[in-house]
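Take a look at the structure below.
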Amino acid sequence: MAGLSLEHIWKKYPNGYEAVKDFNLEIADKEFIIFVGPSGCGKSTTLRMIAGLEDISSGTLKIGDRVVNDIESKDRDIAMVFQNYALYPHMTIYDNMAFALKLKNVPKDEIDKAVREAARILELEKVLDRKPSQLSGGQRQRVAMGRAIVRNPQVFLMDEPLSNLDAKLRVQMRAEIAKLHNRLGATIIYVTHDQTEAMTLGTRIVVMKDGIIQQVDSPTNLYNKPNNLFTAGFIGSPQMNFIKAVFDGETLGAGGIKFELMPDKAAVLRDEGYVDKTVIMGIRPENVHDAKAESLHKLTSPFETKVTVFELLGSEVQLYFDFAGSSMSAKVDQTSRAAVGDTVSLAFDMEKIHVFDKETEQAIVH
């Protein structure tokens, strides 16, 4: 296994379009790192440059201690798992998994050992003599991973490998991939547009937008301390609520309500020169509470609003409402009896407030 180093990587196409801009990242050996972002953000292009399937316009790519910019894909000692599985339909599962080793003239006994070990890890022993068409989507995706495992590469690259599976299978395969990483101790780079996959799988996550890295951090820090409005809105489902508010030195005013800030947060805003300025206040849905719940503390400045949408999600209820010109949501207890059109009293947990600069969209305080 090996770490990777991406230094000032750019991808510019002949028509002038820049898909990836000044990408800098150090990936440690055995790390599970996720590239996440909306469609067109450059995450798959970056993965393809690492794989050698796209040329690098400028910058330096190292796998281990070796610069690989001009080294062909087959000589980079990487294995890639695609979203469409890319299995050979006329071959058995065994032959699909053995194919790359046969091309390298690996001795038959070594091939057999590698294939059967990968099949054991992925629970595919009973289907080795079948064809891909006889397998479920989840089994085919495991075969694609098995074909990568037998090569024992330095780096595994996975490009949205679960996007073709149904919701239940995606959950199961997420667990399989996490277990696989623990068993192999492999360096894995995983691309997805699904932030739930990113949050549950990655040791670190690279959030991208328009070819530019927005933030590289642990899942916990991305969720609790987003660098900017984009990351705050992209990570978390449903997304963070945002409201324009005016800071008067002590409180944030919005919708005719003055929300009392924690003293330390107010001090930061004063020190940064935001008194009497408009900022963006952010609050996650789970931190918007029923103001009448006596067990909750740190709740100030309750406000009344009408429920526009009511969604029962099993263990919790999602309420949607309008406030201060913004459509917002709250996660409340499933015992809530609110219905569409009802007036409810809500309050923000002010310890969990985020504040962003309205112009730069950068975080000021969490």
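- Aromatic pair Tyr88/Phe99: centroids less than 6.0 angstrom apart.
- Of all the heavy atoms in Ile257 and Ser301, the pair that sits closest is CG2-CB, 3.6 Å.
- In this structure, Gln134 contributes its side chain and Lys131 its backbone to a donor-acceptor pair below 3.5 Å.
- Checking side-chain atoms of His181 against main-chain N and O of Leu201 turns up no donor-acceptor pair under 3.5 Å.
- Distance alone, capped at 3.5 Å, is enough to place a donor-acceptor pair between the His366 side chain and the Pro226 backbone.
- Without hydrogens or angle criteria, Arg270 side chain to Gly249 main chain gives a donor-acceptor distance under 3.5 Å.
- Using a 4.5 Å heavy-atom cutoff, the side chains of Asp112 and Tyr94 are in contact.
- With hydrogens and angles disregarded, a donor-acceptor distance shorter than 3.5 Å links the side chain of Gln139 to the backbone of Ser136.
- Expressed to the nearest 0.5 Å, how far CG of Asn287 lies from CE of Met240 amounts to 8.5 Å.
- Looking at every heavy atom in both residues, Met281 comes nearest to Ala245 through CB-CB, 4.4 Å.
- Side chain of Ser326 to backbone of Met328: no donor-acceptor contact under 3.5 angstrom is found.
- With hydrophobic clusters built from ILVMFWY side chains whose heavy atoms lie under 4.5 angstrom apart, Ile280 does not share a cluster with Ile364.
- The backbone N or O of Asp29 sits nowhere less than 3.5 Å from a side-chain atom of Thr187 that would complete a donor-acceptor pair.
- The CD1 atom of Ile205 lies 12.0 Å from the CZ atom of Phe35; values are rounded to the nearest 0.5 Å.
- Expressed to the nearest 0.5 Å, how far NZ of Lys11 lies from CZ of Arg48 amounts to 9.5 Å.
- Leu184 and Leu101 fall within a single hydrophobic cluster, where Ile, Leu, Val, Met, Phe, Trp and Tyr side chains are chained together by heavy-atom contacts under 4.5 Å.
- Annotation: Gln362, atom CD; neighbour count of heavy atoms from other residues, nucleotides and ligands within 6.0 Å is above 12.
- You'll find the side chain of Thr278 stays beyond 4.5 Å of the side chain of Phe247, heavy atoms only.
- Side-chain atoms of Ile177 and Phe32, non-hydrogen and from C-beta on, do get closer than 4.5 Å to each other.
- Within a 6.0 Å radius of NZ in Lys244, no more than 12 heavy atoms belonging to other residues, nucleotides or ligands are found.
- Contact annotation: the side chain of Lys352 never approaches that of Arg284 to less than 4.5 Å [non-hydrogen atoms, C-beta and beyond].
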- From CA spacing to verdict: side-chain contact (heavy atoms from CB on, under 4.5 Å), Ile121, Leu180: CA-CA 8 Å; Ile121 290 171; Leu180 187 62; 3.7 Å; yes
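- Residues Gln318 and Ser329 have side chains that bring a donor and an acceptor to within less than 3.5 angstrom of each other.
- In this structure, Phe259 and Phe348 have parallel ring planes: the angle between them is below the 30° cut-off, well short of the 60° mark.
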- Please walk me through it: do Leu47 and Met80 pass side-chain contact (heavy atoms from CB on, under 4.5 Å)? CA-CA 9 Å; Leu47 194 78; Met80 193 159 181; 3.6 Å; yes
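- Judged purely by atom type and a 3.5 angstrom limit, Arg130 has no side-chain atom pairing as donor or acceptor with the backbone of Leu135.
- Grouping the Ile, Leu, Val, Met, Phe, Trp and Tyr side chains by contacts below 4.5 angstrom, directly or via other members, places Val307 with Leu312.
- Once rounded to the nearest 0.5 Å, the distance linking OG1 of Thr192 with CZ of Arg170 reads 9.0 Å.
- Nearest heavy-atom pair, Asp77 versus Asn152, reported as atom, atom and distance to 0.1 Å: OD1-O, 4.3 Å.
- Closest heavy-atom contact between Asp290 and Ser345: OD1-O, 3.6 Å.
- For Glu197 and Tyr190, the side-chain atoms include at least one donor-acceptor pair closer than 3.5 Å.
- For the residue pair Gln215 and Asn228, no side-chain donor N or O sits within less than 3.5 Å of a side-chain acceptor on the partner.
- Counting heavy-atom neighbours within 6.0 Å of Asp109 CG, excluding the residue itself, gives a total above 12.
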- Check step by step if side-chain contact (heavy atoms from CB on, under 4.5 Å) holds for Leu128 and Arg116. CA-CA 9 Å; Leu128 288 175; Arg116 294 193 184 281; 3.6 Å; yes
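- Within a 6.0 Å sphere centred on CG of Asn182, heavy atoms belonging to other residues, nucleotides or ligands number more than 12.
- For an aromatic pair to be called close, the ring centres must be under 6.0 Å apart, and Phe230 with Phe356 fails this.
- A side-chain donor-acceptor contact under 3.5 Å links Ser5 and Glu26.
- A 4.5 Å side-chain heavy-atom check between Leu319 and Phe310 finds at least one atom pair inside the cut-off.
- Ile213 and Leu229 fall into different hydrophobic clusters, where Ile, Leu, Val, Met, Phe, Trp and Tyr residues are linked whenever their side-chain heavy atoms come under 4.5 Å apart, directly or through other members.
- Between Val355 and Leu269 there is a side-chain heavy-atom pair separated by less than 4.5 Å.
- No donor-acceptor contact under 3.5 angstrom links the side chains of Gln239 and Ser237, judged on distance only.
- The line from CD1 of Ile149 to CZ of Arg183 is 9.0 Å long, rounded to the nearest 0.5 Å.
- Using a 4.0 Å cut-off between charged nitrogen and carboxylate oxygen, Glu110 and Lys113 do not count as a salt-bridge pair.
- Between the side chains of Asp159 and Ser44, at least one donor-acceptor pair of N or O atoms lies under 3.5 Å.
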- Chi angles and distances behind the side-chain contact (heavy atoms from CB on, under 4.5 Å) call for Arg76, Ile63: CA-CA 8 Å; Arg76 293 190 181 191; Ile63 298 178; 4.3 Å; yes
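- Of all heavy-atom pairs spanning Arg151 and Arg147, the tightest one is CG-O, 3.6 Å.
- A salt bridge between Asp95 and Lys102 is present, with a side-chain N of the basic residue lying under 4.0 Å from a carboxylate O of the acidic one.
- Looking only at distances, a side-chain donor or acceptor of Thr305 sits under 3.5 Å from a matching main-chain atom of Asp322.
- Atom CD1 of Ile283 sits about 8.5 Å away from atom CD of Glu286, to the nearest 0.5 Å.
- Follow the hydrophobic side-chain contacts under 4.5 Å out from Tyr13 and you never reach Val20; the two are in separate clusters.
- Smallest separation of non-hydrogen atoms from Gly236 and Gln195: N-OE1, 3.0 Å.
- In this structure, Phe321 and Val344 have side chains that are not in contact, with every pair of non-hydrogen atoms separated by 4.5 Å or more.
- Using a 4.5 Å heavy-atom threshold, the side chains of Ile188 and Met158 count as touching.
- In this structure a side-chain-to-backbone donor-acceptor pair under 3.5 Å is missing from Asp210 to Ile212.
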